[in-house]
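Below: the structure, in structure tokens.
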There are 2 protein chains.
Amino acid sequence: MDAPATDRPTNFCDACAIRNRAICGDLDNREIGLLNDIGRRRRLEAGEQLLWEGDEAILVANVIEGVLKLSTQTADGKEQILGLVYPSDFLGRPFGQTTPYGVEALTEAHVCVFERRDFDRFAREHPRLEHKLLERTLAELDRTRRWMLLLGRMNAEQKLATFLIEMVDRLEDKSCALNGLEGPQAVSLPLSRQQIADVLGLTIETVSRQLTKLKKDGLIDLPARREVIILDADELAMRAG
Amino acid sequence: MDAPATDRPTNFCDACAIRNRAICGDLDNREIGLLNDIGRRRRLEAGEQLLWEGDEAILVANVIEGVLKLSTQTADGKEQILGLVYPSDFLGRPFGQTTPYGVEALTEAHVCVFERRDFDRFAREHPRLEHKLLERTLAELDRTRRWMLLLGRMNAEQKLATFLIEMVDRLEDKSCALNGLEGPQAVSLPLSRQQIADVLGLTIETVSRQLTKLKKDGLIDLPARREVIILDADELAMRAG
DNA sequence: CGGCAAATTGATACTTCTCAAACATCGTGG
DNA sequence: CCACGATGTTTGAGAAGTATCAATTTGCCG
């Protein structure tokens with residue numbers, strides 16, 4: 001094999017797993033090349049922090065692989081997870097001065113990061129990208145507002161049921177033979193019990209008790225700490241309210 | 001006075017109070033003219049509903065005057081207010097199929113409404129407008145996420161204190177002689193006690209009790225149902241956490 | 001196998017909700 | 001102008017739900 005011309009870096013985008021699902025999806029090859037030039041790949045360990053709340057907003061990123069959390073805390077240190085970010089999602093605060101929340105990898109993760117200034121300039125010059133970003137931001141705002149209903153008006157059981165349904169939706173292990181159209185579905189949670197509590201605005205004990213209750217009631221099974229099997233999706237949806 | 005040429009409708013934008021603060025702020029006169037052609041003014045009574053949750057998303061609007069609420073409810077009818085919308089704010093779900101929340105005027109209000117399809121087309125053809133809309137949507141997402149911390153992790157006193165500080169920030173009656181740099185500040189709430197409860201994820205009784213407590217503690221005064229005077233903003237900020 | 005962190009379980013306290021009643025405010029019509 | 005009813009608000013008592021604190025138990029990883 002001949003070595004490629006080395007006067008420009010490799011275009012990672014060509015082989016990018018999320019090439020067509022991320023906000024870059026509408027760009028042509030020339031534009032992708034330009035974007036590739038200002039971005040770089042970065043690998044994060046589970047638990048590694050990418051952005052700190054309140055810091056200057058220097059980075060934005062596309063998630064290529066893994067799950068990350070966006071979170072903030074009260075003055076007295078109680079944490080609230082503001083959102084989970086999955087492959088092909090965009091992350092960070094373009095056109096902003098400070099990062100309004102911390103970003104931490106929940107699993108090993110791969111992201112495609114950009115200096116915010118570079119990204120902002122590129123976006124302003126490429127309306128198709130800005131449009132994609134707008135559509136995503138609007139969708140994220142809708143999702144976030146729906147979560148406000150959960151935080152403000154649901155009880156613990158409704159919160160857990162809603163959470164499990166959402167996780168199945170997002171993470172459903174499509175390779176798993178268990179998952180027929182009906183019948184049990186398995187999920188590997190990327191979150192600890194404490195993190196589930198921080199998503200739902202509950203304590204770890206309440207999360208544990210509610211999961212135990214759902215198990216006793218036969219709606220789910222808990223074969224391992226981070227494994228959940230949905231046995232009765234209909235009843236679970238009922239309890240989600 | 002001569003009648004104006006009547007081959008095109010009056011351009012309301014010329015006299016628009018929020019002309020420079022709304023998303024139209026970056027448009028030139030020609031573009032404003034085009035936008036004016038697809039929009040129309042509408043007056044809403046307090047309590048009048050503009051959009052219903054789940055309906056087809058047919059309208060978007062700029063708020064010219066008044067305050068409106070965005071809200072949703074649980075299956076069993078408990079309401080959660082998702083946000084308040086003030087003059088110069090944008091409202092509705094562009095590029096979407098359905099309206100994800102109800103919109104109702106809290107006070108008499110004036111809005112500048114567009115058919116969503118018209119607006120979507122106009123926005124796609126005018127990247128400066130789309131950029132403004134993106135910046136607003138990003139800011140609104142930040143604000144909404146901050147509210148999640150309140151809903152998920154604050155107790156009733158912190159919620160009320162945070163709410164009052166936010167309302168002063170937004171509504172501070174600048175014409176009122178009371179408002180020096182320090183000292184008491186007066187606010188006329190556009191919300192009933194029930195609506196405050198629906199913003200904070202509490203019951204009306206808890207809101208009432210917490211307000212009474214803040215009054216007894218000398219942090220606020222409640223001269224009328226919808227009037228609040230902040231007597232000790234520092235201590236209020238302390239209790240907001 | 002042992003040590004450690006995470007999760008569960010239990011007992012109790014506290015906050016908030018629920019239901020009920022009294023009270024205040026506002027607008028209306030006498 | 002005041003009485004009246006309607007609506008919104010405050011207050012009270014008790015119940016329910018969740019948090020807190022403490023003690024185990026479980027599962028994971030070296």
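Chain identifiers are assigned alphabetically (A, B, ...) following the order of the sequence lines, protein sequences preceding nucleic acid strands; residue numbering begins at 1 within each chain.
- A salt bridge between B/R239 and B/D217 is present, with a side-chain N of the basic residue lying under 4.0 Å from a carboxylate O of the acidic one.
- Comparing B/A224 and A/V207 by the nucleotide of DNA chain C that holds the closest heavy atom to each, the one mapping nearer the 5' end is A/V207.
- Contact check on A/R42 versus A/E48 returns a salt bridge, with a Lys/Arg side-chain nitrogen under 4.0 Å from an Asp/Glu carboxylate oxygen.
- Between B/R209 and D/dT11 there is no side-chain N or O to OP1 or OP2 distance below 4.0 Å.
- Per the geometry, CD belonging to B/Q210 stands 14 Å off C1' belonging to D/dT11, to the nearest Å.
- Closest to the side chain of B/T203, from the set C/dT16, D/dT18, C/dC17, is C/dC17.
- What separates CG of A/L160 from C1' of C/dT8 is a distance of 14 Å, to the nearest Å.
- Set against C/dA7, D/dT18, D/dT11, the side chain of A/R193 has C/dA7 as its closest nucleotide.
- The distance between atom CD of A/E205 and atom P of C/dC14, rounded to the nearest whole Å, is 16 Å.
- Between the base of C/dA7 and the side chain of A/R225 there is no donor-acceptor pair shorter than 3.5 Å.
- Each of D/dT10, D/dT20, D/dT18 was ranked by its minimum atom distance to the side chain of B/T212; first place goes to D/dT10.
- A salt bridge between B/K69 and B/D198 is absent, with no side-chain N of the basic residue lying under 4.0 Å from a carboxylate O of the acidic one.
- With rounding to whole Å, A/I204 atom CD1 is found 13 Å from D/dA19 atom C1'.
- Nearer to the 5' terminus of DNA chain C, by closest-nucleotide assignment, is the contact made by A/L191 (compared with the other of A/R153 and A/L191).
- Around CD of B/E56, the count of heavy atoms belonging to other residues, nucleotides or ligands within 6.0 Å does not exceed 12.
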